[in-house]
Amino acid sequence: MYLSKGQIEHESYDSIVDECIEKHGEFLIAILQDIQKRYNYIPEDAMRKLAKKLGITLRDVYGVASFYKAFSFTPKGKHVVTTCTGTACHVRGSSKIVDAFSNELGIKPGETTKDLMFTHETAACLGCCAIGPVVVVDGDYLPKVKTTAIRKIIDGTKRGAAILEEEDQRIFPIQVVCPQCNHSLMKPEHLVDNYPCIHVTISFKRKHGWLRLSSLYGSFNIESEHDIPVDTEVNFFCPHCHAELVGSSTCPECSAPMILMLVTNGGNIQICSRRGCKGHILDI
Amino acid sequence: MNIKIDGIRVDIPEGFTLLEAAKFLGIEIPTLCWHEGLSAWGGCRLCVVEIGEGERKKMVTSCTYPVEEGIVVHTASEKVVKSRKMILELLIAQCPTSRTLQDLASKMGVIQVRFDPKWENCIYCGLCVRICNEQMMARAIGFVNRGNKLEISTPFDKNSEDCRKCGGCIYICPACTLRCQGINQDNVLCNACYNSLQPTCISNEDNYNCWMGLKNECGTCSKEESKNI
Ligand code: SF4
Ligand code: SF4
Ligand code: FES
Ligand code: FES
């Protein structure tokens, strides 16, 4: 049972703590597990009540509870996504998956989103290295997770269950050229998401450098010479003719200027120039 | 129970620890986490001694090891002295500002610390937890978290209602009280109290009896050797 924050505040822990003690007797860890199951974390007041009722000091309860990583003293999200960062998963790139979750959810590992929907965690080896990199969502093990699937996992989890399909129909690679000089912007030597990347030059504030975008439609992974702070509007340029890749419209989501590139087999793609915004328009 | 400590045969009642037996004989064993009136904990490992003979020798903490019939104990064999020094080096690296530790270093002739100093304020000896628990009956502070996040704290890091503000924990802490001021920045050892006398005894053997009743502790006989470790 998951209680929202408001409910928790109004709830007195007495009855729940009593119930748990009745069920498990004096077995502290079992009681703590039960409390955690009900509230998704162990509230401080519940722990105080528990100590009083069991006749042991709060120090002892706290000492036991803090010893185990499984117990949390801050509210956890409705959904918990755990990425394995064990050795086997690490060499298969789980750190990128962790980064992708951080990007998508906007929180660091160990944190919970403000709306209490997601808790983002890492674990050191989940014991199923053969199917790594592994992500566990609410107890479901997802094998061989790719960074491109992260968004889907999150959306799926919100809707009910995280389903991991082998190929996402909405994710496909595209090839683009500069609208001015018609040179290809693709750079096959460099791979992002395992596909040749789109290579452009950028400038923001007083910095200039290269930027590599994933050519997978639907993936927002980038590599950049400079760290681009979130919310910065970035100017994109063609690395061949140095013309600015500027579109005519503004972003439908945040109304920053759009970047325009032509898709080789006809049509164009516009992406938002503001870091962190995922606004884009594909016209084929 | 008949036991043999450093070659001395002695009859010690059951239930005593090796440390107590050694004390009874006036043999000094350095201790840190052991305190009269508190339960023995065996956390600091400074009181290690070697028991058994030949192949079956092993190191145990004397403050927790009970006497056994016929047990043979060496409180200051070369191995024991070497390990104690290493343990003390590790402890000093954790908390170089502790005067208790620096004094022990001077006494035991530790003249180098080969580990990066951490400048922590706690060596996890557990004395404060035990005094609060066993003598003050307050149980206000305890070990929190685990592994490299371990710390001594009150629940939720808030002022504890159980604390009697007796100050016992601070009194007993080897790291908080008596700050050593003379730390040498090169090797985090103070050694202000270190003396450079000639060894007062002739040789350094497993079962020797220093005429001062010391066992390497005065440091003079082990100074040369400690340079070689
Ligand atoms: S001062 Fe408080 S925490 Fe320290 S020993 Fe006394 S009761 Fe325990
Ligand atoms: S605070 Fe002091 S007495 Fe307590 S464990 Fe740390 S070093 Fe020992
Ligand atoms: S390393 Fe990820 S499951 Fe073992
Ligand atoms: S005094 Fe024996 S282990 Fe600390």
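In the text below, chain A, chain B and the rest are named by the order of the sequence lines, each starting its count at 1. Predicted model, so just to flag it, every value in this text is computed and none were measured.
- Under a cut-off of 6.0 angstrom, the local environment of NE2 in His226(A) is crowded, with over 12 non-hydrogen atoms contributed by other residues, nucleotides or ligands.
- Between Tyr62(A) and Val144(B), the shortest heavy-atom distance links the atoms CE2-CG1, 3.5 Å.
- Options Gly147(B), Ala138(B), Ala140(B) differ in how many heavy-atom pairs under 4.5 Å they form with chain A, and the most are formed by Ala140(B).
- Annotation: maximal heavy-atom pairing with chain A below 4.5 Å, among Val129(B), Ile141(B), Thr154(B), Leu150(B), occurs at Ile141(B).
- With sequence neighbours left out, Lys278(A) forms a side chain to side chain contact (heavy atoms under 4.5 Å, CB included) with Glu104(A), Arg151(A), Phe220(A).
- Proximity to chain A is absent for every atom of Lys149(B), based on heavy atoms less than 4.5 angstrom apart.
- Interface remark: Phe156(B) contributes backbone and side-chain atoms alike to the contact with chain A (heavy atom separation under 4.5 Å).
- Within 6.0 Å of atom CD in Glu69(B), more than 12 heavy atoms from other residues, nucleotides or ligands are found, so the atom counts as buried in its surroundings.
- When the heavy atoms of residues 159-171 of chain B are compared with those of chain A, the residues falling under 4.5 Å are Glu161(B), Asp162(B), listed by number.
- Atom CG of Asp227(A) has 12 or fewer heavy atoms from other residues, nucleotides or ligands within 6.0 Å.
- In this structure Tyr65(B) satisfies the ring-ring contact (aromatic ring centres under 6.0 Å, His included) test with no other residue, sequence neighbours excluded.
- Counting non-hydrogen atoms of neighbouring residues, nucleotides and ligands closer than 6.0 angstrom, the NZ atom of Lys52(A) reaches no more than 12 such neighbours.
- Within a 6.0 Å sphere centred on CG of Asp11(B), other residues, nucleotides and ligands contribute more than 12 heavy atoms.
- In this structure, the side chain to side chain donor-acceptor pair (under 3.5 Å) partners of Thr119(A), at least two apart in sequence or on a different chain, are Thr112(A).
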